[in-house]
Amino acid sequence: MGVAIRRAGEEDRADAVRLLDEAFMWDPVSAWVFPAEEHRRRRHGALMDAFFDLALGEGYIDITEDGSAVALWWSVPAAAPEAGGGSAKSAGSGGGAEADGPALLRQAVDPENERVELIGRLTEAAHPTDRAHQYLHMIAVRPDRQGEGLGTALIAAVLERCDTEGLHAYLEASSARSRALYERLGFGVTGAPLDLPDGPRMWPMWREPREGA
């Protein structure tokens, strides 16, 4: 049986942000950004809400019809680094060269937390800018529905379009488990792994469109 997927909109914000907050609360990267658990519980949802808002502006959001899984995608054009091509990767600029995305995100979410800004700068530096691509920023599946293939279905739907239209795709894996999943979907590690200071490792991953798919 196929998974019913639709494009999410503003009306889905509350449910999608709640799902993202729940799914990523204990993610290694989230735990690094908000190392104190009590503080993470207070501010993590605000970060997920900001990411939802940015995805609406920079790309699109896919959600399963029953709301059990959601994926945030950016449509990133090719651009020279000095022209702000990493704006989508900075997880929050939305304003190209005129805006400092990581700094704006920190100010909006948790002004005293420099890690909110730092992770944006580090991942921005690793993000390819020479070719247009679809960027999978986040994907979340409700904990009690994990293992049913919902996340794979969300990703595969976009990758099918990438293959048809000759589009590249990019993401960062935040765990060895997710890295293995993405490798099965055709992604490969590109460049050096990103080691967060005193924190977990992330793997930038790139996927070429598959001819004849």
Pro28 and Ser174: which non-hydrogen atoms are nearest, and at how many Å? CG-O, 4.1 Å

May I ask you to list the residues sharing a hydrophobic cluster with Leu167, side-chain cutoff 4.5 Å, ordered by chain and number? none

Which pair of non-hydrogen atoms, one from Leu56 and one from Ala8, has the smallest distance, and what is that distance? CD2-O, 4.2 Å

Do Ile119 and Trp32 make a side-chain contact, defined as non-hydrogen atoms from C-beta onward lying under 4.5 Å apart? yes

May I ask you to check whether Gln134 and Ser75 show a side-chain donor-acceptor distance below 3.5 Å? yes

What residues, two or more places apart in sequence or in another chain, satisfy side-chain contact (heavy atoms from CB on, under 4.5 Å) together with Arg106? Glu114, Val116, Glu117

Do Trp26 and Met138 belong to the same hydrophobic cluster, where Ile, Leu, Val, Met, Phe, Trp and Tyr are linked whenever their side-chain heavy atoms lie under 4.5 Å apart, directly or via other members? no

His39 and Asp110: side-chain donor and acceptor closer than 3.5 Å? yes

Between Arg41 and Asp21 (salt bridge meaning N to carboxylate O under 4.0 Å), is one present in this structure? no

Closest non-hydrogen contact found for Pro128 with Tyr170 is CD-CE1, 3.4 Å

So CG of Leu154 and CD1 of Ile63: to nearest 0.5 Å the spacing works out to 8.5 Å

Can you name the side-chain contact (heavy atoms from CB on, under 4.5 Å) partners of Ala157, sequence neighbours left out? Ile5

Of all the heavy-atom pairs spanning Ala50 and Val109, show the shortest one and how long it is. CB-CG2, 4.0 Å

Return the set of residues passing side-chain hydrogen bond (donor to acceptor under 3.5 Å, both in side chains) with Asp49 (not counting sequence neighbours), or none when no residue passes. Arg13

Arg207 side, atom CZ; Leu185 side, atom CG - distance, nearest 0.5 Å: 7.5 Å

Can you list the residues that meet the ring pair (Phe, Tyr, Trp, His ring centres under 6.0 Å) rule with Trp206, with sequence neighbours excluded? His133, His168

Counterpart residues, side-chain hydrogen bond (donor to acceptor under 3.5 Å, both in side chains), relative to Arg18 (two or more places apart): Asp15

Gap separating the OG atom of Ser175 from the CH2 atom of Trp203, nearest 0.5 angstrom: 7.0 Å

Give, for atom CZ of Arg210 and atom CD of Glu208, the distance between the pair rounded to the nearest 0.5 Å. 11.5 Å

Heavy-atom side-chain contact between Leu20 and Leu72 under 4.5 Å: yes

Minimum heavy-atom separation for Arg43 and Ala108, please, with both atom names. NH2-O, 4.3 Å

N-O pairing of Asp12 and Arg6 below 4.0 Å: yes

With sequence neighbours excluded, residues passing side-chain hydrogen bond (donor to acceptor under 3.5 Å, both in side chains) with Asp66: Thr64, Ser68, Arg145

Ala23 and Ala140 have their tightest heavy-atom pair at CB-CB, 3.6 Å

Evaluate the criterion salt bridge (charged side-chain N to carboxylate O under 4.0 Å, His left out) for residue pair Arg115 and Asp198; output intermediate values, then yes/no. CA-CA 11 Å; Arg115 289 187 175 184; Asp198 300 316; 5.2 Å; no

With Arg7 via salt bridge (Lys or Arg N to Asp or Glu O under 4.0 Å) - residues at least two apart: Asp62

Output all residues satisfying side-chain contact (heavy atoms from CB on, under 4.5 Å) with Leu136, sequence neighbours left out; order by chain, then residue number. Ala71, Trp73, Ile139, Ile155, Leu171, Tyr182

Is any side-chain heavy atom of Leu196 closer than 4.5 Å to one of Met202? yes

To the nearest 0.5 Å, how far apart are NE2 in His127 and CH2 in Trp74? 10.5 Å

Salt bridge (Lys or Arg N to Asp or Glu O under 4.0 Å) contacts touching residues 186-197 (sequence neighbours left out): Asp195-Arg201

Just so I know, are the side chains of Thr152 and Val3 near enough to count as touching, which here means a heavy-atom distance under 4.5 Å? no

Atom OG in Ser30, atom CE in Met25: separation rounded to 0.5 Å? 8.0 Å

List the steps, then state whether side chain to side chain contact (heavy atoms under 4.5 Å, CB included) holds for Phe24 with Val33. CA-CA 11 Å; Phe24 282 93; Val33 174; over 6 Å; no

May I ask you to decide if the ring planes of Phe34 and His44 are parallel, tilted or perpendicular, using 30° and 60° as cut-offs? perpendicular

Check salt bridge (Lys or Arg N to Asp or Glu O under 4.0 Å) between Arg142 and all other residues, then give those that pass, not counting sequence neighbours. Asp144

What do you reckon, is CD of Glu38 surrounded by more than 12 foreign heavy atoms closer than 6.0 Å? no

Taking the ring centre of each residue, are Phe51 and His137 less than 6.0 Å apart? yes

Under the salt bridge (Lys or Arg N to Asp or Glu O under 4.0 Å) rule, collect the residues that match up with Glu112, sequence neighbours excluded. none

